[in-house]
Chemist: 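I'd like to ask you about the structure that follows.
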Amino acid sequence: MEHEKLWTKEFILDTLVNFLIYIIYYMLMVIIASEAIKTLNASMSEAGLASGIFILGTLLARMVAGHSIELYGRKFMLYAGIIFYLATTLLYFFVDSLSMLYIVRCLNGIGYGIASTATSTIVSSIIPVMRRGEGINYYALSMSLAAAIGPFLGMLMQHTMTFNYIIDFCVAMLVVCLVAIVALKVPEMELSAEKKAELKKFSISNFLEPKVTSISIVAFIMGISYSSVLSFLATYAQELGLIGAGTVFFLVYALTITLARPVAGVMFDRKGEDFVMYPTYACLAIGLLLLSVTTQSWTLLLAGVFVGLGYGTFMSNGQAICVKLVTEYRIGVAVSTYFIALDLGLGVGPYALGAFKDGIGFEGIYAACGVAALLCAGLYYLLYARKRDAALVVEMKLETEAE
């Protein structure tokens, strides 16, 4: 049936725009610290701040963008996000001090946060309801492929051309995004005056969706666990003398997600979220525990497979759960809340975990994060699955009584 079609022009264009947004994010994230050291004589901690302050901008943007998307229009906010992302990317040409770099990075994070929240909200509204898990998993491949291609491109270009040429490339990709948006037809919510008034009110629920609190708490801890891989793997691999395997790790991770996500999405729709979610916690735990004991290249790469099956599959299916839990006009706030939790976990994790490095080493950090991933399964049951099942029992009881 036509209304069940997934691969529409809108789905493809929105996924393409999201892919380019994330390519730019990962390209600049991996090279900005070394660029700050090389051209601005930054210390290691100052260079690290140049990377981390971007996440601060992203979090601020997501908090505001969630309800603004439905209030002012999904396509309008996507335009606004991409244009602001483009304008702040152009500002890199004028950076001549560390303080200027921090300002540009924070503003750039705001543009990225608005644009990426808009694409995620739009895709949730154009996927057929009965294929939502499958569709969001295909869409999420744009993020995982960008996570593999972006860092590779960034490091390759840094070795072969100047930083200004890299910014030229990023600007060109954002211009492509603007052209794609012109051709993108976005289903907009027709909000009643009452709904608009509700969204305009200054209340916590207009920035953070209460209905997705449970899955967002789990996402926060999963983000912290995965941050150990993002932040420390390169140094850990070097320490172990496995630099080659460490370089290939994220390619294995991305390939695993590419193969697993479409299958996980179909299973989500057919078997329910529990069938997919519980294995994600187990797989991430296995991957992290493997990292804690690895001494050879093959075990490091096998860990990449399990981390991909774990965190990579959790991320997209967690979003699908959020969309399931809310009415359509709250999708923007729900998606925003979920990614705020994930981003916060990824941002807080390196600082929190790094404090234990001298005491327990990388092996201890990965072992602890593996245990935390297992605990997420218990949290998921206690905070989400148990309450959902109890609500279903009450609903069925009321229906029986009504008959």
Side-chain angles (χ1 to χ4, degrees), residues 9-32 35 50-51 53-62 64-65 68-69 72-95 100-123 139-158 160-186 335-336 339 343:
K9 180 189 76 173
E10 278 61 45
F11 179 79
I12 293 168
L13 285 175
D14 189 65
T15 303
L16 170 65
V17 170
N18 192 65
F19 174 68
L20 295 179
I21 289 169
Y22 273 83
I23 281 279
I24 295 165
Y25 162 64
Y26 282 111
M27 277 183 66
L28 296 181
M29 187 62 81
V30 298
I31 67 171
I32 202 69
E35 200 62 36
S51 293
I53 203 167
F54 184 96
I55 301 297
L56 174 62
T58 302
L59 291 174
L60 292 172
R62 289 203 194 281
V64 176
S68 298
I69 283 168
Y72 302 112
R74 295 163 180 172
K75 189 167 182 175
F76 172 80
M77 287 300 290
L78 180 55
Y79 265 127
I82 292 294
I83 290 169
F84 195 73
Y85 202 14
L86 172 59
T88 53
T89 300
L90 286 168
L91 288 178
Y92 283 109
F93 288 123
F94 306 101
V95 168
M100 179 68 172
L101 179 62
Y102 295 151
I103 292 168
V104 171
R105 286 294 289 165
C106 187
L107 292 174
N108 209 215
I110 290 172
Y112 160 79
I114 295 170
S116 58
T117 302
T119 52
S120 294
T121 303
I122 289 168
V123 85
Y139 163 80
L141 285 178
S142 62
M143 304 178 203
S144 55
L145 289 174
I149 295 168
F152 173 76
L153 266 181
M155 287 186 284
L156 179 68
M157 293 176 77
Q158 190 179 37
T160 55
M161 59 186 68
T162 65
F163 184 67
N164 280 358
Y165 280 116
I166 295 173
I167 297 302
D168 284 335
F169 182 71
C170 293
V171 167
M173 285 194 288
L174 287 168
V175 171
V176 171
C177 288
L178 283 174
V179 173
I181 297 170
V182 172
L184 184 65
K185 291 181 181 177
V186 179
V335 169
S336 169
F339 280 107
D343 287 342

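Counting begins at 1 with the first residue of the sequence.
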Chemist: Any donor and acceptor pair, going by atom type alone, linking the side chain of T117 with main-chain N or O of I114 inside 3.5 Å?
Modeler: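 Checking the backbone N and O of I114 against the side chain of T117, no donor-acceptor pair under 3.5 Å is found.
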Chemist: May I ask you to test the I32-F54 pair for a side-chain heavy-atom distance under 4.5 Å?
Modeler: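 No - every pair of side-chain heavy atoms lies 4.5 Å or more apart.
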Chemist: I'd like to know whether CZ of F163 has more than 12 heavy-atom contacts from other residues, nucleotides or ligands below 6.0 angstrom.
Modeler: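 Buried by this count: over 12 neighbours within 6.0 Å.
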Chemist: Specify the closest pair of heavy atoms between G109 and A61, including all atoms of both residues, with the distance to one decimal.
Modeler: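 Nearest pair, atom of G109 first, then A61: O-CB, 4.5 Å.
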Chemist: Side-chain contact test, heavy atoms from C-beta onward, threshold under 4.5 Å: evaluate it for Q158 versus M27 and give yes or no.
Modeler: no
Chemist: Ignoring hydrogens, what is the shortest heavy-atom contact between S120 and V335? Give both atom names and the distance.
Modeler: CB-CG1, 3.5 Å
Chemist: Within this structure, what is the NZ-CG distance for the pair K75 and D14, rounded to the nearest 0.5 Å?
Modeler: 11.0 Å
Chemist: Would you give the length of the straight line joining atom OG1 of T15 to atom CG of L20, rounded to the nearest 0.5 angstrom?
Modeler: 11.0 Å
Chemist: If you measure only the distance, is there a donor-acceptor pair under 3.5 Å linking the side chains of R74 and Y79?
Modeler: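 There is no such pair between these side chains.
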Chemist: Could you check if a side-chain atom of M29 sits within less than 4.5 angstrom of a side-chain atom of I55, using non-hydrogen atoms only?
Modeler: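 SC-SC contact between M29 and I55 confirmed.
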Chemist: Would you check if there is a donor-acceptor pair between the side chains of S116 and N18 at a distance under 3.5 Å?
Modeler: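 No pair is found: no donor N or O on one side chain lies under 3.5 Å from an acceptor on the other.
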Chemist: For atom OH of Y165, decide whether the heavy atoms of other residues, nucleotides or ligands shown that lie under 6.0 angstrom number more than 12.
Modeler: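 Result for OH/Y165: open.
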Chemist: Testing I24, I23, V17 for side-chain contact (heavy atoms from CB on, under 4.5 Å) with I21, which one passes?
Modeler: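 Testing each of I24, I23, V17 against I21, the sole residue satisfying side-chain contact (heavy atoms from CB on, under 4.5 Å) is V17.
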Chemist: Supply the atom-to-atom distance N108 CG to L28 CG, rounded to the nearest 0.5 angstrom.
Modeler: 6.5 Å
Chemist: Where is the tightest heavy-atom contact between M77 and A118, given as atom of each residue plus distance?
Modeler: C-CB, 4.3 Å
Chemist: Establish, from distance only, whether the side-chain atoms of T119 and Y139 form a donor-acceptor pair under 3.5 Å.
Modeler: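 Their side chains do contain a donor-acceptor pair, which is all the 3.5 Å distance test asks for.
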Chemist: What distance do I181 atom CD1 and L13 atom CG have between them, rounded to the nearest 0.5 Å?
Modeler: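 Rounded to the nearest 0.5 Å, the CD1-CG separation comes out at 10.0 Å.
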Chemist: Just how far is it from atom CZ of R62 to atom CD1 of I110, taken to the nearest 0.5 Å?
Modeler: 12.5 Å
Chemist: Can you tell me how far the CZ atom of F84 sits from the CG atom of L174, to the nearest 0.5 Å?
Modeler: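 Here the interatomic distance stands at 13.0 Å.
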Chemist: Answer yes or no: is there a donor N or O on one side and an acceptor on the other, between the side chain of K9 and the main chain of A183, under 3.5 Å?
Modeler: yes
Chemist: Could you pull out all residues at least two apart from E10 that satisfy salt bridge (Lys or Arg N to Asp or Glu O under 4.0 Å)?
Modeler: none
Chemist: Of L178, I83, L184, which meets side-chain contact (heavy atoms from CB on, under 4.5 Å) against L78?
Modeler: L184
Chemist: Please evaluate residues F169 and L153 with respect to the criterion side-chain contact (heavy atoms from CB on, under 4.5 Å), reporting the C-alpha separation (whole Å), side-chain torsions for both, the decisive distance (0.1 Å), and the verdict.
Modeler: CA-CA 11 Å; F169 182 71; L153 266 181; 4.2 Å; yes
Chemist: Check step by step if side chain to side chain donor-acceptor pair (under 3.5 Å) holds for N164 and Y92.
Modeler: CA-CA 8 Å; N164 280 358; Y92 283 109; over 6 Å; no
Chemist: Say whether R105 and T88, considering side chains only, have a donor N or O and an acceptor N or O under 3.5 Å apart.
Modeler: no
Chemist: Would you call the rings of Y112 and Y22 parallel, tilted or perpendicular if under 30° counts as parallel and over 60° as perpendicular?
Modeler: perpendicular
Chemist: Over all heavy atoms of both residues, which pair between M143 and Y26 is shortest? Give the atoms and the distance, please.
Modeler: O-CE1, 4.1 Å
Chemist: Hey, mind stepping through F19 and L141 against side-chain contact (heavy atoms from CB on, under 4.5 Å) and telling me if it holds?
Modeler: CA-CA 8 Å; F19 174 68; L141 285 178; over 6 Å; no
Chemist: Report the C-alpha distance between F93 and D168 in whole Å, list the side-chain angles of each, state the deciding distance to 0.1 Å, and finish with yes or no for side-chain contact (heavy atoms from CB on, under 4.5 Å).
Modeler: CA-CA 9 Å; F93 288 123; D168 284 335; 3.1 Å; yes
